[in-house]
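To keep things clear, I will list the structure first and then write my remarks on it.
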Protein chains: 2
Amino acid sequence: MEHVHCRLETKDLWDKFHDLGTEMIITKTGRRMFPTLRVSFSGLDPDQKYLVLMDIIPVDNKRYRYAYHRSSWLVAGKADPPLPNRYHVHPDSPFTGDQLQKQTVSFEKLKLTNNMMDKTGHVILNSMHKYQPRIHIVKKKESTPCQGSFTSLDAEEYRTFVFPESVFIAVTAYQNQLITKLKIDSNPFAKGFRDSTRLTDFDSEGQLFRLTFPLIFDRIFYD
Amino acid sequence: MEHVHCRLETKDLWDKFHDLGTEMIITKTGRRMFPTLRVSFSGLDPDQKYLVLMDIIPVDNKRYRYAYHRSSWLVAGKADPPLPNRYHVHPDSPFTGDQLQKQTVSFEKLKLTNNMMDKTGHVILNSMHKYQPRIHIVKKKESTPCQGSFTSLDAEEYRTFVFPESVFIAVTAYQNQLITKLKIDSNPFAKGFRDSTRLTDFDSEGQLFRLTFPLIFDRIFYD
DNA sequence: ATCCTTTTCACCTAAGTGTGAAAA
DNA sequence: GGTTTTCACACTTAGGTGAAAAGG
């Protein structure tokens with residue numbers, strides 16, 4: 001697994017958020033992450049089967065608060081008691097190496113919650129704490145279950161990738177107004193709050209283009 | 001272009017609808033097609049640029065009506081005056097052959113309307129008429145515009161693919177109740193009408209699976 | 001009791017979908 | 001009188017709002 005590479009496809013967007021200090025909303029019922037973690041791999045064995053996993057780990061042992069007058073995050077004390085870490089197998093796993101090198105893997109369905117009693121499988125985080133998402137790729141052996149539990153892993157069987165631009169602070173309400181603005185402008189699901197005069201245009205939902213002159217297609221091939 | 005192949009990725013779903021007699025709603029403001037036409041290509045020149053187009057042509061010169069007592073479609077006379085055919089360039093065009101062989105092309109944004117005055121570029125169809133969608137792949141020359149109008153095409157420059165399982169009758173309201181049921185069960189946007197006891201489960205939105213036992217990841221690679 | 005911070009919740013936007021009664 | 005079309009409505013998921021509630 002030494003030559004495996006992992007690319008963050010959504011790096012540009014993550015960078016924009018990272019510059020402002022990324023915040024992710026966590027709710028009782030679970031909230032998606034935005035931006036989404038979307039990655040692609042290279043250097044895999046095309047015929048080997050792999051699982052792709054994601055988890056989110058605390059970056060430090062601190063609790064943060066937002067200083068409005070300075071528009072910046074300050075340390076506000078020691079972290080709350082840590083929560084049990086959960087690993088999330090991408091639902092399309094297992095992938096063949098061939099598949100993985102052709103398509104990107106998107107963790108758009110993953111949701112964050114502050115509900116410690118959550119039973120729906122969302123990631124449980126502490127509010128006002130700093131986190132780092134991670135991506136893991138695991139070589140699947142005959143015996144590796146795709147669902148269920150892992151018991152042991154040899155060192156050769158997996159690799160972990162960390163993208164520092166994806167660190168974020170979990171919040172129950174946005175603190176930095178610039179983050180709110182960037183979310184509204186870049187998340188298609190927040191369209192309802194955009195000004196009619198859009199300054200930014202991240203969404204790739206280009207209009208269907210129509211030709212005004214008909215083409216002539218006289219030969220039809222059945223396939 | 002002789003060796004180009006085109007595969008209908010959503011064939012299974014189309015087949016299910018075709019068995020019942022596919023109906024597509026057309027409205028004044030435009031309605032998406034469901035199932036979506038999603039295709040992939042092979043046999044292309046990786047470095048060549050291509051445009052992918054779709055159009056929808058009348059299958060015959062007939063008008064249909066639905067006989068409720070027999071639960072089947074009957075011919076109800078001659079077709080209404082034909083409407084001008086429009087060709088729709090996929091908004092992501094042009095593609096390189098390499099891109100096209102790695103990803104599938106989805107026409108999910110295309111909308112159908114019965115409004116002959118439509119200025120938004122949707123496909124205009126006659127209600128109660130039978131139609132056949134077609135996919136065209138066109139080799140892009142330096143001079144070929146991606147937007148605008150084509151003036152002429154050499155015979156070697158394109159191929160047209162037709163999937164007979166994608167024929168449908170345009171309607172303003174569903175006629176066959178079994179079609180309504182299948183749409184509700186298979187279109188994620190119609191979830192609100194599903195019984196709590198889902199018999200069918202076409203949507204691929206599998207729940208994220210969670211491991212209950214933590215894995216041990218001690219080696220972190222920055223990438 | 002006061003004050004400040006953090007969390008919750010009912011509410012509205014948005015697009016896509018079928019409903020069912022009314023209008024053609 | 002029967003068939004076809006329209007339209008306001010309700011539902012789903014995802015997202016931010018802003019006032020009220022909860023915490024400390």
Side-chain angles (χ1 to χ4, degrees), chain A residues 23-36 63-69 73-74 76-77 80 108-116 125-129 169-177 179-196 203 205, chain B residues 23-36 63-69 73-74 76-77 80 108-116 125-129 169-196 198 203 205:
Chain A
E23 299 174 25
M24 293 289 171
I25 296 277
I26 55 179
T27 68
K28 207 170 185 177
T29 53
R31 192 77 137 203
R32 287 187 177 186
M33 288 174 66
F34 191 88
T36 300
R63 187 175 216 289
Y64 291 82
R65 72 179 180 85
Y66 190 72
Y68 286 90
H69 52 98
W73 286 94
L74 305 174
D80 294 340
E108 62 196 0
K109 296 279 171 62
L110 189 148
K111 287 186 176 182
L112 311 179
T113 183
N114 61 343
N115 179 12
M116 296 193 207
L125 302 178
N126 277 320
S127 188
M128 313 309 263
H129 289 59
I169 291 182
V171 295
T172 55
Y174 291 128
Q175 306 295 308
N176 181 351
Q177 291 184 322
I179 286 289
T180 311
K181 193 179 176 320
L182 187 52
K183 294 253 186 182
I184 290 174
D185 283 342
S186 51
N187 188 339
F189 286 108
K191 269 186 187 167
F193 302 96
R194 282 182 198 165
D195 300 337
S196 49
D203 74 32
E205 299 182 42
Chain B
E23 299 174 25
M24 294 288 173
I25 296 276
I26 55 180
T27 68
K28 206 170 185 175
T29 53
R31 193 74 139 204
R32 288 187 176 186
M33 287 173 67
F34 190 90
T36 299
R63 187 175 215 291
Y64 290 82
R65 71 179 184 84
Y66 190 72
Y68 286 91
H69 53 97
W73 288 93
L74 305 175
D80 295 340
E108 63 197 357
K109 296 281 171 60
L110 189 149
K111 285 186 177 181
L112 311 179
T113 184
N114 60 342
N115 179 12
M116 296 194 207
L125 303 178
N126 278 319
S127 187
M128 314 308 263
H129 288 57
I169 290 181
V171 295
T172 56
Y174 290 127
Q175 306 295 309
N176 182 350
Q177 291 185 323
L178 295 175
I179 286 289
T180 311
K181 194 181 175 318
L182 187 52
K183 295 253 185 183
I184 290 174
D185 283 342
S186 52
N187 187 338
F189 286 108
K191 268 186 185 167
F193 302 98
R194 284 185 197 164
D195 300 337
S196 51
R198 293 241 304 277
D203 74 34
E205 302 180 44

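We name chains A, B, ... by the order of the sequence lines, and we start the count at 1 in each one. FYI, side chains are in, hydrogens and waters are out, and symmetry mates aren't considered; it's all heavy atoms of this structure. None of these values were measured; they are calculated from a predicted model.
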Once you round it to whole Å, what is the distance between P of C/dT5 and OH of A/Y68?
8 Å

I need the CZ-C1' distance between A/R194 and C/dT13, as an integer number of Å.
12 Å

Taking the side chain of A/A190 as heavy atoms from C-beta outward, which of D/dT4, D/dG16, C/dG18 is closest to it?
D/dG16

Kindly say if A/K109 contacts the phosphate of D/dT13, meaning a side-chain N or O under 4.0 Å from OP1 or OP2.
no

Rounded distance (nearest 0.5 Å) linking atom CG of A/L74 with atom CZ of A/R65
5.0 Å

Tell me every residue that passes ring pair (Phe, Tyr, Trp, His ring centres under 6.0 Å) with B/F34, counting only those two or more places apart in sequence or in another chain.
none

In whole angstroms, the gap separating P of D/dT4 from CG of B/N114 amounts to 14 Å

Closest of C/dT17, C/dG18, C/dT6 to the B/N187 side chain is C/dT17

Let's see if you can work this out: which of C/dG18, D/dG15, C/dT17 has an atom nearest to the side-chain heavy atoms of B/Y174?
C/dG18

Can you tell which of D/dT5, C/dT7, C/dG18 lies closest to the side chain of B/K183?
C/dG18

So if I take every side-chain heavy atom of B/K28 and compare against D/dC7, D/dA14, C/dT17, which nucleotide ends up nearest?
D/dC7

If we ignore hydrogens and angles and just use 3.5 Å, is the side chain of A/Q177 paired with the main-chain N or O of A/Q175 as donor and acceptor?
no

B/E23 CD - D/dT5 P separation (whole Å)
12 Å

Measure from the side chain of B/T172, starting at C-beta and using heavy atoms only, and say which of C/dA14, C/dG18, D/dT4 lies closest.
D/dT4

Working to the nearest 0.5 Å, report the span between NZ of A/K111 and CZ of A/R32.
6.5 Å

Please determine, for the side chain of B/F189, which listed nucleotide (C/dG16, D/dT17, C/dT6) has the closest atom?
C/dG16

How far does CD1 of B/I26 sit from CG of B/N126, to the nearest 0.5 angstrom?
7.5 Å

B/R65 side chain, from C-beta outward: closest of D/dT4, D/dA14, D/dC7:
D/dT4

CG of B/L110 versus P of C/dG16: gap in Å, rounded?
12 Å

A/K181 has an atom NZ; how far is it from atom P of D/dT17, in whole Å?
12 Å

Provide, to the nearest angstrom, the distance between the CG atom belonging to B/L125 and the P atom belonging to D/dT5.
12 Å

Would you mind classifying the nucleic acid contact of B/S127 as base, sugar-phosphate or nothing, using non-hydrogen atoms under 4.0 angstrom?
sugar-phosphate

So if I take every side-chain heavy atom of A/T180 and compare against C/dT7, D/dT17, C/dG18, which nucleotide ends up nearest?
D/dT17

Using purine N1 to pyrimidine N3 plus N6-O4 or O6-N4 for Watson-Crick, or N1-O2 and O6-N3 for G-U wobble, both under 3.5 Å, which nucleotide pairs with C/dA24?
D/dT3

Please figure out whether B/Y64 or B/G192 has its closest DNA chain D nucleotide nearer the 5' end.
B/Y64

When rounded to the nearest 0.5 angstrom, what is the spacing between OG1 in A/T113 and CG in A/L125?
8.5 Å

Residue B/F193, side-chain atoms from C-beta onward, closest of D/dT17, C/dG18, C/dT7
C/dG18

Within the structure shown, what part of the strands sits under 4.0 Å from B/T27 by heavy-atom distance: base, sugar-phosphate, or nothing?
nothing

